[in-house]
Amino acid sequence: MATVQVKQDQLEAAKKYVNEVYEVVQKRNQGENEFLQAVKEVFDSLVPVFAKYPVYMDNGILERVVEPERIISFRIPWVDDQGKVQVNRGFRVQFNSAIGPYKGGLRFHPSVNTSIIKFLGFEQIFKNSLTGQPIGGGKGGSDFDPKGKSDNEIMRFCQSFITELSKYIDPDTDVPAGDIGVGAREIGFLFGQYKRIRGGYPAGVLTGKGIGYGGSLARTEATGYGTVYFVEEMLKDQGDSMNGKTVVVSGSGNVSIYAMEKAQQLGATVVACSDSSGYIYDKNGINLATVKRIKEVERKRISEYVDEHPEAVFNDNYSDIWLTPCDIALPCATQNEINEVSAKLLVANGVKAIGEGANMPSTLEAIDVFLSNNVLFGPAKAANAGGVAVSSLEMAQNSMRLSWTFEEVDAKLHEIMKNIYRNSVDASNEFGHPGNLVVGANIAGFKKVADAMLAHGVI
Ligand code: NAP
């Protein structure tokens, strides 16, 4: 694809515009550090787009896209097993519906606040656009901590949460899914109560449902598999592959487990994974069946792994996982888990590729380290878009009242990940940043949303 030629004065005008809008965003969203970080990364990438298409500036697209259409914040009262009343705070940010109904997960974690939900919702707009599916951007959650809670407490909390949220969502308006702390168990409780309140069988209101009641095969695997498919595409372009590579994956939740599974299927050896209490290193390669049992069935700590695999070691500092030499690093736990120091360590130890399974796992400084050292870098928006892509396929199956096979969904997921990679590469080349998929993914995701917003007028 030919590189876009823009004059220096157009570039300067675009830079000035972007900086001015960012200053207003900073003033309006003081203290929301995660949100500002996500905005800064996107804004910096978009300068060449505004230089080439001033119509976006003239129509205030940036000012509008950075302001959520709506934020809902609500009280979630529930009763614990001791009979004591507990109160948590719930959120849903309905960020942008230019190309489809709001779509994005729910996160239950004590760190959840407005800044976290807004950063996730903002990223989601462009990620969802990249999938090629007709879905807008949203995100939600609560500061509820599921750790140590009984199944009954989880159920009562989920019922209270969705009782309030049910006033604002339906299959054509806003379709939540899982994220940190929200898996199949929670989606089941949320769906059951929503159905009870709203009546009928509103299957399409939530994705990540169980297979027996409207879920899609391969949804559980989609984010992790998709991240590895994306990394495989980056490697393929260099005449390389996952086969024979040493891989480190942070986290041991939904995204991590299925990233490990696909990496192993493609011939890589995964030597380390983690949870918030520390990481395990197994030079023989992680035994995934053990990890699945500990984390998915028993809901215990990753440290239990070494009891069964005495050659493995446990280290109680989870961020030290990045000291482990590897060819490929897949951060799949949480935001800002790789800082500049960790990035430099990974580079010094010879890392060849990064695939961001988690959302915004690398700080802006860490990304600079990777890009300036020519490490293949798959940014979250592109690399982890497989989960929401298959969620959209789940919505399609619910609307058609049919179910595709695992192989059919997996093949569609693989194709979507290849397209996201190709579109991001093409945009990075076209706008003069070859090899920079951060810029490529941001531009490719943004343009479709911006064009829809232009078509809709000033709303
Ligand atoms: P999950 O199943 O709840 O697993 C999260 C994992 O990360 C757990 O091992 C958890 O450890 C660890 N973790 C969470 N917070 C941490 C922290 N502050 N420090 C260290 N470790 C931490 O969640 P998930 O669905 O896999 O999500 C992981 C990441 O992927 C998130 O960034 C999420 O936004 C992103 N993502 C998820 C999807 C999806 O489909 N689920 C799609 C796109 C992106 P503990 O068990 O000790 O808490």
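Treat the numbers as computed from the prediction; the structure is a model and nothing was measured. Read the numbers this way: they start at 1 and go in the same order the structure lists the ligands and their atoms. Only this structure's heavy atoms are used, side chains among them; waters, hydrogens and symmetry mates stay out.
- In terms of the side chain to side chain donor-acceptor pair (under 3.5 Å) criterion, residue partners of Arg107 (sequence neighbours excluded) are, by chain and number, Asp179, Gln335.
- Enclosure of atom NZ in Lys344 is not indicated, since only 12 or fewer non-hydrogen atoms of other residues, nucleotides or ligands lie within 6.0 angstrom.
- Sorted by first then second residue, the ring pair (Phe, Tyr, Trp, His ring centres under 6.0 Å) pairs that include residues 399-420, not counting sequence neighbours, are Tyr229-His414.
- Contact shell of ligand 1 (protein heavy atoms, cutoff 4.0 Å): Arg107, His109, Lys147, Asp179, Ile180, Gly181, Arg219, Thr223, Gly251, Ser252, Gly253, Asn254, Val255, Ser274, Asp275, Ser276, Lys295, Arg301, Tyr318, Cys332, Ala333, Thr334, Gly357, Ala358, Asn359, Asn384.
- Asp275 approaches Ile302 most closely through the heavy-atom pair OD2-N, 2.8 Å.
- Legend: salt bridge (charged side-chain N to carboxylate O under 4.0 Å, His left out) pairs involving residues 397-411, not counting sequence neighbours: none detected.
- The aromatic rings of Phe157 and Phe161 sit tilted, their planes meeting at an angle between 30° and 60°.
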